[in-house]
Amino acid sequence: DIKIGSTLAMTGPASFLGDPEAKTLEMLVEEVNAAGGINGEMIELIQYDDGADPNKARTFAVRLIEDDEVVAIIGGSTTGTTLALMPEVDAAGIPFISLAGSISIIDPVEPYTFKTPHTDRMACQKVFEDMQKRGISKIGMISGTGGFGASMRKQCLEVASDYGIDVIADESYGPKDADMTPQLTNIKATDGIEAVLNPGFGQGPAIVTRNYSQLGIDLPLYQSHGVASQGFIDLAGNEAAEGVRLPGTALLVADILPADDPQTEIVRAYKTAFEQKYEMPVSTFGGYAHDAFRILVAAIEKAGSSDPEAIRDAIEETSGLVGTTGTYTFSADDHLGLDLSAFKMLEINNGGWTLVD
Amino acid sequence: MPELMQFLLSGLTVGAVYALVALGFTIIYNASDVVNFAQGEFVMLGGMITVFAYGAGAPLPLAAAVAILTTVFVGVALNKLAIEPARGAPVVSLIIITIGASILIRGVTQIVFDKQIHRFPAFTGDAPIPFFGATLLPQSLWVVGGALTVFVGLYLFFTKTLTGKAVLATANNRLAAQLVGINTGWVMTLSFGLSAAIGALAGVLVTPITLTSYDVGIGLALKGFAAAMLGGMGNPKGALVGGLLLGVIEAMTAGYLSSQYKDAAAFVVILAVLFAMPQGLFGAKSTERV
Amino acid sequence: MKLGSKHTTLLVLAVIIIVAPFFFPSSYYFRVGSLIFINGLAVTGIVILTGYAGQVSLGHAGFAGIGAYACALAPVYLGVHPGLALIIGALLSGAIAFLVGRPILRLKGYYLGVASLGFGILVAMLLTNEAQITGGPDGIRVADLGIRGLLREMGFRVKGSELWYVLTGICLLIGAWLALNLHDSPTGRALRALHGSEVAARTVGVDVARLKLQAFVISAVFASVSGSLLALQNRFITPEVAGFLHSVEMVTMAVLGGVGSVLGAIFGAAILTTLPQVLTVFAEYEYAVLGLVMMLVMIFLRDGLLPSLAKLIKGREQ
Amino acid sequence: MSLLQVDGLGIEFGGLKAVDNVGFKVEPGEIVSVIGPNGAGKTTLFNMISGIYLPKAGRVTLAGQDVTGMEPHLLARLGLSRTFQNLQIFQHMSVLENVVAGFHLEESGNVLSDLFALPGSRKRARTVRAKAEVLLARVGLERAAGAEAGSLSYGALKRLEIARALALSPKILLLDEPAAGCNAVETEEIDELIAEVAKSGVAILLVEHDMKLVMRISNHIVVLDHGEKIAEGDPETVSRNPDVIAAYLGTAAAQESEHA
Amino acid sequence: MLEIKALKSAYGRIEVLHGIDLSVSSGEIVTVVGANGAGKTTLLKCLSGVQPVIGGSISFRGETMTHVPGHKRLKRGLAQSPEGRQIFTNLSVEENLRLGAFLFTDARVDQDMAEAFQMFPVLKEKRNLNAGGLSGGQQQMLAIARALMGRPACLLLDEPSMGLAPILVAQIFDVVKGLKALDVTVLLVEQNAFGALSIADRGYVMETGRVTISGSAKELIADPRIREAYLGH
Ligand SMILES: Nc1ncnc2c1ncn2[C@@H]1O[C@H](COP(=O)(O)OP(=O)(O)OP(=O)(O)O)[C@@H](O)[C@H]1O
Ligand SMILES: Nc1ncnc2c1ncn2[C@@H]1O[C@H](COP(=O)(O)OP(=O)(O)OP(=O)(O)O)[C@@H](O)[C@H]1O
Ligand SMILES: CC(C)C[C@H](N)C(=O)O
Ligand SMILES: [Mg+2]
Ligand SMILES: [Mg+2]
């Protein structure tokens, strides 16, 4: 048997990330095993729930490595848990694919750590590119103070000037906040604002979107890839969400993707399988886990062995692997393997996703 | 001054949410001196059960009724199965039981339902109501109205009814309460039932605004607890005022000072109030002679 | 053998710490062990504050946060050795506890609870929001304590987890020794007296305000050192260490095990630290079971695991 | 100079003058009793003298020093000690420890020395323990030394409080109804104990409704009613004072105390 | 009316009542005296159902009461003024009294309250104040008055004279005596043995959890053992 480990935020504040991620892994392992495993060997998946607690994540990493003796780890739903367990995988020499957003995970590159989601910096770049196209140069930001929101805010502030964008209002809200009208009122009252960007995930962006429409602010609103799921539209409500743009992945627009798009097939397959099995809509986050698993399986197949060292090398040599998020090509100094092209600018229209451009 | 008005409206809405949770604490506290840390889970259950009942096709009022009744059942069961059997245990032990209960309820909810965030439609639409240059959602009126109604009900209950007095007597001196013929077990059941009902009602009212998921309970319980302490634990007036005040302080801080530190500002105010009034704004000073 | 007497307690603890490793199948158990010891240390502080003096804090994780971030930041900004940073953190926590404790300890019961809660939240917010300094919610790396390297130079090769097992075990023993010393000392007695009746304690000459403050400061230092050890062991720390949940966890561990006794509270720390690890077999049901276990323990062993069990055993003997 | 001197002491609770302009003196070795109907203000007077309530008016002087409103723990240092009408027991400590706690001022040292169990701390603890045992024997509770204080009967707790108050080696001892809950024979024991303590030079200020006890041992009696001093003098005089009989003693009791 | 047979009770594992036999007939005043710690309070607590009985039986008006829960005993006619007064300190004096009549909602409640105020005028003065602020003796009055509000057929009094001024002690004993006319049976635990025996019909002496002497009040007052041990000089 090949033992693969995962530690994900299946519960706790990031459970809407960890839950679909864990479900995806479970589903894919079943699938692979049903098809005869990898190189004839069955996969045994050992999953732990770290509840987004970095200390727990680290302990589970040790457990996976020392006690369960896995050959690779997928996990870290959040940046905090990922950074916490990295020293452990590094010391033990176990390949690890993170599902978290921050650029700090792969920059600087650590030998055993890879990741599948676009970085928050790329999300900023994608958004700013779109703003530039629309001739927007002065924006307000309202960010969640949780890990994802805070980190993306920082990245956005860093790259804004590259796109000639001025952030002239900078507000935030806590992870459990239920009302953002005061912050939005301030943004609204700031002179010259042309658009608003909201980095964050969870219920926050949905509330922001609703408050935005309550206050009658009719400037373009941008969200991050942190809310790229049908759930977001449902929560915000079709009306409030109308016209919101965000950088997303092919997964969300599986149905309207041109048939010749390289991702179409894989995206639709995953979507159908997941939605059938779990009776809930797919999310980008499950997609990250999907990609991580595919990358890992491909690497093990290629390495022809389940030696961690060999797997790591094989991952690093991955090239042109098509996933739900994009097409991955890793190298010794790129452990993300995606570029901006894999990001699609999406807009919500009539309660559904449409591709901008 | 439309900004000020907007901050105020926003503060009052959020404050009413806190007040509803704080009011829920009041009864169990008054009956047993226990701050029921599972109170937030009652709110969560109210919201989540409504979501799923509504999703299953029940009309909203029916879904809400189902949610409230189910939550009352959970509250009563909590009392019967956990609090009653531990009778006579130190108050800290009882509090830990309620913390355990909150973890259990959350754990079961995530299995029975799911871990996603949910919402159901506002009772009377989402069209913003303009108000002196600011806007307000119709659902906010429901929440504020709900908080006021619960407040009035509780206030009358504790000041005008013998049963209300029996509840207070039970917490004050359980032994004496038994001696005057109060069925203290029943008082506890009643208290948990009522608290659960108030909690669930809060959940039903606020979910269209705050959204809900299996784990919203802790956050709400925490804010409700802070609000209750600010107003003075056990006093419905305190719960109402404490909740509203907390909401307004947060909104004003977010609006005028820093949205990052609005929770901090709220706690700074609480600390300041407690230094001047160690029993909160309306807390009864208990007189124990020596 | 009288349970709870100082020397038996220390002996029992030491024996467990020394003997347990012989049953460890992998070094993962050393990690869990050291986490127990780290939590045990914080909880021992809670015993002093809550068990002895009867004051409940819902914000002690704030001090753990100060200790942890002292180890993360002091080496960077002050260039001091991480070991020294631990001491700086402890002193800082003590000093802050001294300042904060003065006003808030005038409050009683739940009011003290909410005030300390506020303090803890303030610390957690600072650590989260002042990201330029603290690294923000995603956490920050912590420098290496360097003991392993030192040992290697001296020719000993030890695994990180084993080393930390030993280090934290020693710290816990020292902490327990201090707390036990205090219990039967005049200060400890005065603390327990004011728990019983503040008025009476005052009339026998106990300076209640000062004594509560002392207990608060001592327990803050315990929490701080525990936070530092966690940071140094993990080499990475996030603001969660200062969070409300961590504060509640400390109190829960203490009460579950028996807040009046050092051994009991440490036992509580052991249970609540291992339980989530054990409960992974229940997968989805983990939290439901965890909550259930907590409730059952408190319902049937209301004074906490250890004291209640001791009572049961004593009863049977009679 | 008197050991304790109270001048014009007064306090109000929500408009009610619980104690109003009360003054008297207590000399070393003297037993002064304060009597008066229920609610007359006796306990409140004690609470002001012992620093638990802050008087609204008046002055308390202890051995020449103005101690009005001084914190109880500081008063303890000056040798003032008391018991309580509503028992204040350290419930979860053993009976012996309750008394040992009474020696706080004598045994307490430095926290750090306690934390590290330095020899000094340990030695102090030992000597104090022996003394506490002697005191317990004196109030007849030596057999209960190891029991948890919360498990004692009411009368036993009353005596435990006396032992704890004595542990302070007070110069002046305030006893609030020490014989309440004791039968006649037990009261006599307490009576002897008080007399003995007074003989050693300790001033005693006593509140008690047991007139036999009061009349037998008091050197001086102060009578309060509605917060005001209505009479003062030796037992003889006071017990014959018609105001005192009307407000407090009642005729039957007055006769009884005559024969005491 | 009240029949106690071989009653045993314990705190934890320590037995403190070792088989008490005691009976009270209807309309009687019976007193129990005994030294500190003899178990008098424990006995009364067993009768009012707030202390578990581990052996023996209690029957009241012909019905077994041994394990009837505490709150139901008042309904059957058994009220207690407990040791340590146990008033509701956070409620007003009036609320305390009202709760004494928790079982009743008829007009007689007001009448009873008026009578209580007549008996203890101080309570009327302080009716709207927190009972916790009362002086010790005032609280004692409140405890007695509250027990009477429950319209007991049998009243259990635990040291009712404790902390009362002499003038009131006499009054309390008068009140107790007066209860006889109202057909209320009284079981009176007292340290003031002389006072208690003077108004009682019969008495029991308890020592360390056992009844050692019993008899008519007259006999007991005259008994030298009792003079020696409980009445003093
Ligand atoms: N904290 C308080 N709050 C309100 N009233 C108080 C308080 N303390 C005392 N009083 C009032 O002051 C008066 C005097 O009370 P105090 O306890 O001093 O009487 P006492 O003489 O000791 O009576 P007793 O003999 O019954 O113990 C009483 O009427 C009481 O109600
Ligand atoms: N809560 C308790 N836990 C353990 N033992 C107790 C408890 N309460 C009373 N006891 C013990 O039970 C025995 C009887 O006590 P009880 O209070 O019934 O005596 P009493 O006759 O009422 O005395 P007093 O005249 O002093 O009130 C005593 O030995 C006492 O120590
Ligand atoms: C939206 C995702 C990229 C968020 C990511 N898992 C994080 O928490 O960092
Ligand atoms: Mg008094
Ligand atoms: Mg008694």
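The shown structure was predicted, so the numbers you read here are calculated from the model rather than taken from an experiment.
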Legend entry - Region of T238(C) in contact with chain A, defined by heavy-atom distances below 4.5 Å: side chain

Inset, instruction - Test L64(A) against Y28(C) for side chain to side chain contact (heavy atoms under 4.5 Å, CB included), laying out the working first. - result: CA-CA 9 Å; L64(A) 288 169; Y28(C) 152 67; over 6 Å; no

Inset, instruction - With rounding to the nearest 0.5 Å, note down the distance linking NZ in K56(A) to CD in E240(C). - result: 11.0 Å

Legend entry - Which of R58(A), M10(A), E66(A), Q47(A) touches chain C most, by non-hydrogen pairs under 4.5 Å: R58(A)

Legend entry - Which atom of D138(C) lies closest to which atom of L83(A), heavy atoms considered: O-CD1, 3.6 Å

Inset, instruction - For E279(A), look at atom CD and say whether over 12 heavy atoms of other residues, nucleotides or ligands are found less than 6.0 Å away. - result: no

Inset, instruction - Check each atom of L245(C) against the heavy atoms of chain A and say whether the ones under 4.5 Å are side chain, backbone, both or neither. - result: neither

Inset, instruction - Identify which part of K154(A) has an atom lying under 4.5 Å from any heavy atom of chain C, answering side chain, backbone, both or neither. - result: neither

Inset, instruction - Give, as side chain, backbone, both or neither, the part of L230(C) having an atom under 4.5 angstrom from any heavy atom of chain A. - result: side chain

Legend entry - Greatest number of heavy atom pairs closer than 4.5 Å to chain C - which of T11(A), V62(A), D67(A): D67(A)

Inset, instruction - Can you tell which part of N55(A) gets under 4.5 Å to a heavy atom of chain C, answering side chain, backbone, both or neither? - result: both

Legend entry - Under 3.5 Å: donor-acceptor pair, side chain of R63(A), backbone of Q277(C): yes

Inset, instruction - Side-chain contact test, heavy atoms from C-beta onward, threshold under 4.5 Å: evaluate it for L85(A) versus F236(C) and give yes or no. - result: no

Legend entry - Choice from S26(C), G139(C), S161(C), P276(C) maximising heavy atom contacts with chain A below 4.5 Å: S26(C)

Inset, instruction - Please say whether more than 12 non-hydrogen atoms of neighbouring residues, nucleotides or ligands are located less than 6.0 Å from OH in Y285(C). - result: no

Inset, instruction - Please round to the nearest 0.5 Å and tell me the distance separating atom CZ of F282(C) and atom CG of D49(A). - result: 15.0 Å

Legend entry - Nearest-0.5 Å distance, CZ of residue R235(C) to CD of residue E88(A): 10.5 Å

Legend entry - Part of T145(A) lying under 4.5 Å from any heavy atom of chain C: both

Inset, instruction - Examine whether an atom of A52(A) lies under 4.5 Å from a heavy atom of chain C, and if so say whether it belongs to the side chain, the backbone or both; otherwise answer neither. - result: backbone

